[in-house]
Undergrad: 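One structure is given below, represented as structure tokens, and several questions about it will come after.
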Amino acid sequence: MRVWPIFKKEMRLYFTSPVAYAILLVFTVVMGLFFYLQFSTFAMASMQGMMNPMMARELNVSDAVMRPLFFNTLSVILFLFLMPVITMRLFAEERRSGTLELLLTYPVRDGAVLAGKYLAALALYVVMLGLTLVYVAMMVYFARVEWGALLTLYLGLALMGAAFLAIGTFASSVTENQIVAALITGVILLGFWIVGWFSDSVGGAAGRVLSHFSIPERMDSLSKGVLDTRDIVYFVNLTALALFLSLKSLEARRWKG
Amino acid sequence: MIEVQRLTKCYGPITAIRDVSFSVAPGEIVGFLGPNGAGKSTTMRILACFMPASSGTARVAGHDVFAESLEVRRRIGYLPENVPLYGDLRVAPYLDFVAEVKGVGRAERRRRVAEVMERCLITDVQHRLIGRLSKGYRQRVGLAQAILGDPEVLILDEPTIGLDPKQITEIRSLIKSLAGRHTVILSTHILPEVSMVCDGVVIINKGSIVAQGPIDTLVDQFFPTARVEVEIAGPSAAVHAGMRAIPGVVAVQGVTVTDSAGRYVVEAARGRDVRAEIFALASQQRWRLLELRQVGTTLEEVFMRVVAGEEEVGP
Ligand SMILES: Nc1ncnc2c1ncn2[C@@H]1O[C@H](COP(=O)(O)OP(=O)(O)OP(=O)(O)O)[C@@H](O)[C@H]1O
Ligand SMILES: [Mg+2]
């Protein structure tokens, strides 16, 4: 499997065009702002905590800063906005410019092309998340950091991102227009977002199925600092399904017609 | 090396190619000709394993393009018609990527990339962004990625389109230098190029093969006569009749004829040279012979005759 050269090429394409920089910049700046707001609230609370030892015990950084940082409504919107941008280029642009024709006639399996591209998107996402570690580093000076909870948080974010990116990859593989790919991704993610709303009104077994697919439901435990096995399975399954569909959509061209 | 049998490809209701069969021997350079929309690119895409045929088979280097696509793709270099390249990459890193994808080892890669850049005359632009190159240079980069990795078979869709005359000559000699070691199938609209570069041609029209074989054979097949162009100042009726009476002459056609002078094309059986007799006739009749020359049959004429049908071909 020649995944590596594809991966390298995708990374190069991310970083020779302004796309990656723009994504990273927007993400870090906005998250930095949120972080500042969260952290100052936290600092205020700890000040008060100094005077009240009972309350201080309750306070810790991942609960008070990091989780709200990632799971407030605004950062969720930021995620929903940025994830499609990371993946929209992957296949759509190659299809539009015709380079896919050349790429798929090289001696690489479709699966390797897909893997290389998906992993590149994932790597960019990891870099994106990694930049927020700067905030963690800053907090190490000011407060006690529980590394276990933090690890859980980041693992959960990575899993969630992996699923979103897989969906984005699929969307990019079905169109030759990047904007359309981004829109499809956004609509699918939004769909996963709001199915939960209907679960209550539908009720019964169908309601349970709907709430099973609902992303906020899944993120709920994540945001509480618990990495539930069922959530892991959910995100892994979602990732696998989306990647499988992407592979099929790539292979569709080889079906006799 | 390339064997195509009864290949048919439909795009929905459109049948792009129908029952196409031809073969290319190892080491041969074959020109794939046809008017716009004839199905050249479609056929080449199938050969390059980009898409499957609706029916029929194609084997490249001994492997079926559908069933053993990966084996075929290891052995081909493909240049698609509009030369799709990554505009955001620089030339040398791009070629390095292609070499790596084609399985050229790390140790060899640098040398191989340098070598193809030299052969395609792009060494001096190797640090430039591909998107900023001129059309001709992009074309050369496209050619470079095709020949990278020394594939047995090259499938080149209009490799010289958009090049300046000097570049065309250079790329042509490059392609020519590939003969023997590589099997090449190239499509083009520049027919003199085919006569210069190719051993044989395959002509396709409206999705079907209409002629194939070595160029000379095709010329004989479609133009069984040799032609001589004559300009004579003399009474036209007599000149016409006189030339028609020369043994072996099958036709005399006037090109521009006035009462007292005319330009004619005289057709005789192939291999029969009637120039001496025309000269003798003219001097005997005291007509002034202004011009007398043999007209070679070009591939162009063959193409026109094959593709457009006889009636549209003037002398
Ligand atoms: N993707 C496609 N979808 C539908 N029809 C197509 C597609 N590609 C090609 N065709 C049709 O198939 C026929 C053959 O096209 P093809 O591109 O093979 O011609 P060509 O011989 O390469 O022409 P040209 O000399 O203009 O490059 C044309 O009628 C074209 O309209
Ligand atoms: Mg074409």
Undergrad: With a 4.5 angstrom heavy-atom cut-off, is it the side chain or the backbone of B:Pro93 that approaches chain A, or both, or neither?
TA: both

Undergrad: Looking only at side-chain N and O atoms, does B:Glu193 offer a donor or acceptor that is under 3.5 Å from a partner on B:Thr160?
TA: yes

Undergrad: For the CZ atom on B:Arg172, are there more than 12 heavy atoms of other groups (residues, nucleotides or ligands in this structure) within a distance under 6.0 Å?
TA: yes

Undergrad: For a quick test of your reading: what N or O donor-acceptor pairs under 3.5 Å do the side chains of residues 100-108 of chain B make, sequence neighbours left out?
TA:
residue  : atom : partner  : partner atom : Å
B:Glu100 : OE1  : A:Lys8   : NZ           : 2.9
B:Glu100 : OE2  : A:Lys8   : NZ           : 3.4
B:Lys102 : NZ   : B:Gln145 : O            : 2.7
B:Lys102 : NZ   : B:Ala146 : O            : 3.2
B:Lys102 : NZ   : B:Leu148 : O            : 3.0
B:Glu108 : OE2  : B:Arg111 : NH2          : 3.2
B:Glu108 : OE2  : B:Arg112 : NE           : 3.3
B:Glu108 : OE2  : B:Arg112 : NH2          : 3.3

Undergrad: Are any of the side-chain heavy atoms of B:Ile17 and B:Ile204 separated by less than 4.5 Å?
TA: yes

Undergrad: Does a salt bridge link B:Lys40 with B:Asp157, judged by any charged N lying under 4.0 Å from a carboxylate O?
TA: no

Undergrad: State yes or no: are the ring centers of A:Phe170 and A:Phe244 separated by less than 6.0 Å?
TA: no

Undergrad: In residues 129-142 of chain B, which residues are in contact with chain A at a heavy-atom separation under 4.5 Å?
TA: none

Undergrad: Using a distance-only test with no angle check, is there a side-chain donor-acceptor pair under 3.5 angstrom linking B:Glu3 and B:Ser23?
TA: no

Undergrad: Are there residues of residues 14-35 of chain A whose heavy atoms fall under 4.5 Å of chain B's heavy atoms? If so, which?
TA: A:Thr16, A:Ser17

Undergrad: When only pairs under 4.5 Å are counted, which of A:Leu100, A:Thr105, A:Ile6 shares the most heavy-atom pairs with chain B?
TA: A:Thr105

Undergrad: For the pair B:Phe97 and B:Tyr94, name the ring-plane relationship: parallel under 30°, tilted 30 to 60°, perpendicular over 60°.
TA: tilted

Undergrad: Among residues two or more places apart or on two chains, list those pairs meeting salt bridge (Lys or Arg N to Asp or Glu O under 4.0 Å) that have a residue in residues 94-103 of chain A.
TA: A:Lys9-A:Glu94, A:Glu93-A:Arg96, A:Glu94-A:Lys117, A:Glu101-B:Arg45

Undergrad: Is any side-chain heavy atom of B:Arg119 less than 4.5 Å from a side-chain heavy atom of B:Leu174?
TA: yes

Undergrad: Does A:Leu80 reach the side chain of A:Leu190, with side-chain heavy atoms less than 4.5 Å apart?
TA: yes

Undergrad: For B:Asp88, is it the side chain, the backbone, both or neither that has a heavy atom under 4.5 Å from a heavy atom of chain A?
TA: both

